[in-house]
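Take a look at the structure set out below.
One is the number of the first residue; the rest follow in order along the sequence. No hydrogens, no waters, no symmetry mates; every other heavy atom, side chains included, goes into these values.
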Amino acid sequence: MPKITINNKEIEFEEGTTVLQACELAGAEIPRFCYHEKLSIAGNCRMCLVEMEKSPKPIASCAMPAADGMKIKTNTAFVEKARKGVMEFLLANHPLDCPVCDQGGECDLQDQSLFYGFDSSRYTENKRQVKEKYMGPLIKTQMTRCIHCTRCIRFATEVAGIPELGAIGRGEDMEITTYLEKSMESELSANVIDLCPVGALTSRPYAFEARPWDLKKTETIDVMDAVGSNIRVDTYGWEVKRILPRINEDINEEWISDKTRYACDGLLKQRLDTPYLRENGRLIKTSWDKALKILINKFKLLNPNEIGGLIGDLADLEMIYSFKLFFETCIGSKNIECRQDRTYINPYERINYIFNSTINGIEDSDFILLVGTNPRLEATILNARIRKAYIKNKLKIFSIGDPGDLTYPYQKLEANTNTIKEIVAGSHEISNKIKKSKKPIVIIGESALHGKKGQYIFETLKNFLLINNFIKKDWNALNVLTQHASRVGAMDIGAYSINEEENFSFFDKLDNDELKFIYLLGADNFNFEKKDKFVVYQGSHGDKGAEMADIVLPGAAYTEKNGLFVNLEGKLQTAYKASYPPGDAREDWIIFKNLANMMKKPFGFNNIKQLHELIKKKMQTRLNFKEGKNNKIEFIDDNILVKPIDYYYTNSIARSSKIMSECRQISKKFLFTGIEKIN
């Protein structure tokens with residue numbers, strides 16, 4: 001390997017490494033503003049200047065490729081003078097408004113000016129002033145602070161895939177702006193706030209809410225989709241003030257979606273903080289004791305087969321396991337279901353319902369086939385990985401079904417099950433492309449798994465991949481793109497009602513009016529005709545489920561309890577408690593434990609630690625790889641449509657969020673504007 005000498009210390013480096021990266025390997029700190037590991041090199045700020053032997057001028061280490069035999073120094077008087085000159089130049093037009101800047105305490109310019117800058121300036125000219133730009137309800141601008149690092153432009157173009165930011169003017173007149181000063185449309189747009197090193201772009205909803213040293217920081221997991229992005233929840237007292245990304249290279253890298261970041265204000269609104277009982281058509285407040293006693297008496301009046309339970313999209317494993325245990329041991333019912341959308345599942349192997357290629361594995365793929373899915377709205381972070389793979393590998397992406405605008409080019413195939421039949425038979429051009437690929441990826445969305453065609457689509461594609469040796473231990477091309485945070489965990493625990501003769505036993509009983517009692521565990525996205533059914537809703541928000549309920553039991557939101565979640569690729573992650581449930585609300589597994597004790601059928605655990613041990617033991621049977629079976633399925637001729645998603649209103653927390661409501665209105669406004677222009 002080639003070698004480079006940095007501050008008289010010789011180190012080895014890989015080809016393609018820059019001088020800045022080599023300096024970091026040697027343990028030398030290099031200041032920077034424009035350079036970022038996930039973005040292309042710009043070389044704008046010149047803050048990373050270092051001294052190179054035989055060079056009369058300092059070099060920008062971020063843009064200089066490291067070469068064998070180079071001798072670099074990062075701590076000489078020559079380098080110090082160069083950096084101070086650059087810092088003085090950067091501050092020449094900066095407003096120096098740190099006391100009223102939301103970036104204060106987390107500002108790269110603030111930190112680096114302390115260590116690398118002067119305490120005075122030689123510039124006497126008037127500072128320039130830049131008009132503020134409109135970038136939507138999420139991003140607040142103070143463009144006079146901008147130092148033209150272009151991180152935001154490069155992120156929007158390269159990572160988000162929507163080139164909606166750019167620079168106009170030259171030199172001192174240069175300004176960063178959206179092209180027509182409209183709201184940013186990307187679902188990843190607010191990541192530019194984290195990237196901005198100077199406070200030119202800050203969070204509009206968080207503006208003047210708190211200082212970073214006032215906040216308690218809790219590392220946890222996001223539940224707005226099934227990706228399981230790693231996040232940090234910042235709270236002031238018990239109130240969630242903001243959500244920021246945590247670095248996890250295997251899942252979300254260092255990005256999060258706008259919904260993940262800003263739906264948190266929904267945690268404060270429309271909350272259930274006390275039990276409710278419906279009397280004379282109205283929900284009135286009641287006590288826990290009275291509500292649970294009425295509930296238990298109702299159980300006694302009904303046959304166990306007439307009682308059904310439905311699990312919502314944001315449920316953690318503790319909720320699901322205790323709910324299932326309560327139904328089986330206390331009620332004697334097996335009518336539990338986790339699918340509010342009635343999609344087809346094959347629960348007999350774990351590979352049938354997870355994203356087997358893994359999110360990180362997308363970058364290694366050389367062919368992607370989308371089947372009835374829109375990754376941009378269903379799993380925004382996963383979609384960013386597909387774009388990254390497209391840029392990195394120049395791979396071809398095909399889609400059966402029309403997902404609309406994605407952030408990368410793709411070729412649409414005929415949206416019909418006949419296309420899949422032709423691919424499997426080898427008469428379609430895609431068939432040979434898959435066979436010639438080394439690491440293909442087939443992503444099946446929930447839209448493709450609806451109805452009778454779902455079984456044909458899934459089993460046929462799985463058998464095709466098995467026959468062609470693409471389902472194996474080192475690479476599994478079969479992927480199901482789940483949209484809900486609770487789905488994979490619920491499948492692992494066995495919270496579904498299915499058998500080989502009757503695929504939708506729970507739903508058949510519901511449709512045939514055999515279920516007289518429905519227990520909704522945070523299930524707000526399920527539509528059914530209530531008629532004379534008795535409905536119990538247990539959840540954190542007064543959403544759709546609570547509106548039809550006869551008894552409402554207040555639960556805790558995901559930031560208000562410790563919980564286990566399994567993301568779409570099957571990784572078990574822990575969400576940690578950042579705040580407390582409001583009023584008399586309780587953690588959900590405690591509600592079921594209290595119910596079991598009142599029914600004199602106590603659970604086999606007394607605390608959360610024992611519950612976790614039981615959950616992990618239950619899941620262990622699913623974790624081992626198992627060879628799939630070659631199932632023969634009859635052909636069903638049907639269209640494969642990508643169902644539209646109301647992106648900003650996918651769950652009860654998002655629907656309660658004022659910020660998500662504003663984003664939704666703006667997105668619809670632009671949609672209608674576009675339609676009018678087309679017409």
Side-chain angles (χ1 to χ4, degrees), residues 1-55 57-76 78-79 82-83 108 112 149-151 154-155 157-159 161 191 194-195 197 230 245-255 357-368 381-382 384-395 408 437-439 441 474-475 569:
M1 291 180 70
K3 295 181 179 179
I4 187 172
T5 303
I6 297 170
N7 296 336
N8 300 319
K9 178 181 177 182
E10 191 175 70
I11 64 163
E12 293 182 341
F13 65 92
E14 295 180 0
E15 291 288 345
T17 301
T18 64
V19 172
L20 187 149
Q21 290 169 328
C23 289
E24 288 183 336
L25 289 174
E29 183 181 343
I30 306 295
R32 81 292 297 270
F33 291 116
C34 67
Y35 175 79
H36 192 277
E37 292 81 359
K38 302 294 182 185
L39 304 176
S40 61
I41 294 169
N44 291 341
C45 71
R46 321 307 284 184
M47 195 64 206
C48 63
L49 296 175
V50 296
E51 183 180 351
M52 184 174 72
E53 189 182 58
K54 297 181 181 179
S55 174
K57 296 180 180 180
I59 64 166
S61 60
C62 71
M64 175 68 74
D68 190 26
M70 267 187 177
K71 292 185 178 180
I72 303 293
K73 291 186 178 179
T74 68
N75 53 8
T76 63
F78 179 67
V79 172
R83 288 175 181 168
D108 292 345
Q112 292 184 37
C149 71
T150 68
R151 278 187 180 184
R154 284 175 284 150
F155 172 83
T157 304
E158 297 164 14
V159 179
N191 286 287
D194 299 328
L195 288 171
N230 287 212
R246 271 194 302 137
I247 296 175
N248 186 323
E249 295 296 340
D250 290 334
I251 299 177
N252 60 303
E253 297 183 288
E254 55 189 275
W255 322 120
S357 301
T358 72
I359 298 170
N360 202 20
I362 292 173
E363 295 184 33
D364 299 325
S365 66
D366 54 359
F367 177 91
I368 294 178
I381 297 298
L382 184 142
R385 286 288 183 132
I386 297 177
R387 173 169 174 79
K388 187 177 181 181
Y390 163 74
I391 294 172
K392 177 182 173 183
N393 303 332
K394 300 299 179 186
L395 52 75
Y408 38 81
S437 303
K438 293 180 180 178
K439 290 186 175 182
I441 287 180
D474 59 339
W475 184 261
E569 58 183 351

Heavy-atom donor-acceptor pair, Thr5 side chain to Asn8 backbone, under 3.5 Å: no
Full working for side-chain contact (heavy atoms from CB on, under 4.5 Å) between Ile72 and Ile4: CA-CA 8 Å; Ile72 303 293; Ile4 187 172; 4.0 Å; yes
- prompt: Are Phe13 and Pro2 close enough that some pair of their side-chain heavy atoms sits under 4.5 Å apart?
  reply: yes
Heavy-atom donor-acceptor pair, Ser365 side chain to Ile441 backbone, under 3.5 Å: no
field: Spatial distance of atom CG (Leu395) from atom OG (Ser437) [nearest 0.5 Å]
entry: 9.5 Å
- request: Verify the neighbour count for atom CD of Glu29: are there more than 12 heavy atoms of other residues, nucleotides or ligands below 6.0 Å?
  value: no
- prompt: Would the number of heavy atoms belonging to other residues, nucleotides or ligands and lying under 6.0 Å from CD of Glu37 be above 12?
  reply: yes
- request: Give a yes or no on whether Glu14 atom CD has more than 12 heavy-atom contacts from other residues, nucleotides or ligands under 6.0 Å away.
  value: no
- prompt: Would you find more than 12 non-hydrogen atoms of other residues, nucleotides or ligands less than 6.0 Å from Lys71 atom NZ?
  reply: no
task: State whether Glu158 and Arg151 are salt-bridged, where the test is any N-O pair (Lys NZ or Arg NE/NH1/NH2 against Asp/Glu carboxylate O) under 4.0 Å.
output: no
- line: Closest non-hydrogen contact found for Thr74 with Val50 is CG2-CG1, 3.9 Å
- prompt: Going through the checks in order, is the side-chain contact (heavy atoms from CB on, under 4.5 Å) test met by Ile6 and Ile11?
  reply: CA-CA 8 Å; Ile6 297 170; Ile11 64 163; 4.2 Å; yes
task: Using a 4.5 Å cut-off on heavy atoms from C-beta on, say whether the side chain of Ile59 contacts that of Leu49.
output: no
task: Let me see the working for Lys9 and Leu25 under side-chain contact (heavy atoms from CB on, under 4.5 Å), right down to the final yes or no.
output: CA-CA 11 Å; Lys9 178 181 177 182; Leu25 289 174; over 6 Å; no
- prompt: Any side-chain donor-acceptor pair under 3.5 Å between Asp366 and Asn393?
  reply: no
task: Would you indicate whether the side-chain heavy atoms of Arg246 and Glu254 approach each other to under 4.5 Å?
output: no
Residues Arg385 and Glu253 bridged, charged N to O under 4.0 Å: yes
field: Side chain proximity check, Ile251 to Ile381, heavy atoms < 4.5 angstrom
entry: no
For Asn191 against Phe155, the heavy-atom pair lying closest together: CB-CZ, 3.5 Å
task: State, yes or no, whether a side-chain contact exists between Ile30 and Cys48 at a heavy-atom distance under 4.5 Å.
output: yes
For Glu249 against Asn360, the heavy-atom pair lying closest together: O-OD1, 3.8 Å
- prompt: Rounded to the nearest 0.5 Å, how far apart are CD of Gln21 and OG of Ser61?
  reply: 9.5 Å
message: Test side-chain contact (heavy atoms from CB on, under 4.5 Å) on Met70 and Glu53; report intermediate values, then the result.
response: CA-CA 7 Å; Met70 267 187 177; Glu53 189 182 58; over 6 Å; no
query: Are the side chain of Asn252 and the backbone N or O of Asn230 linked by a donor-acceptor pair below 3.5 Å?
result: yes
message: Less than 4.5 Å apart, side chain to side chain, heavy atoms only: is that true for Glu51 and Pro58?
response: no
- prompt: Can you tell me if Arg32 uses its side chain to pair, donor with acceptor, with the backbone of Cys62 under 3.5 Å?
  reply: no
message: Checking the side chain of Arg154 only, and the main-chain atoms of Thr150 only, is there a donor and an acceptor separated by less than 3.5 Å?
response: yes
query: Would a distance-only check, ignoring hydrogens and angles, find a side-chain to backbone donor-acceptor pair under 3.5 Å from Ser55 to Lys57?
result: yes
message: Can you confirm whether Phe33 sits close enough to Asp108 that some side-chain heavy atom of one is under 4.5 Å from a side-chain heavy atom of the other?
response: yes
message: Between Asp68 and Lys3 (side chain of the first, backbone of the second, donor and acceptor by atom type, cut-off under 3.5 Å), is there such a pair?
response: yes
Thr17 OG1 to Met64 CE distance, which is reported to the nearest 0.5 Å: 14.5 Å
Over 12 foreign heavy atoms within 6.0 Å of NZ, Lys73: no
message: Looking at Met1, is its backbone amide N or carbonyl O close enough to the side chain of Glu12 to form a donor-acceptor pair, meaning the two atoms are under 3.5 Å apart?
response: no
query: Does a side-chain heavy-atom distance below 4.5 Å link His36 with Leu195?
result: yes
- request: Identify the heavy atoms of Cys149 and Pro197 that sit nearest to each other, and give their distance.
  value: SG-CD, 3.7 Å
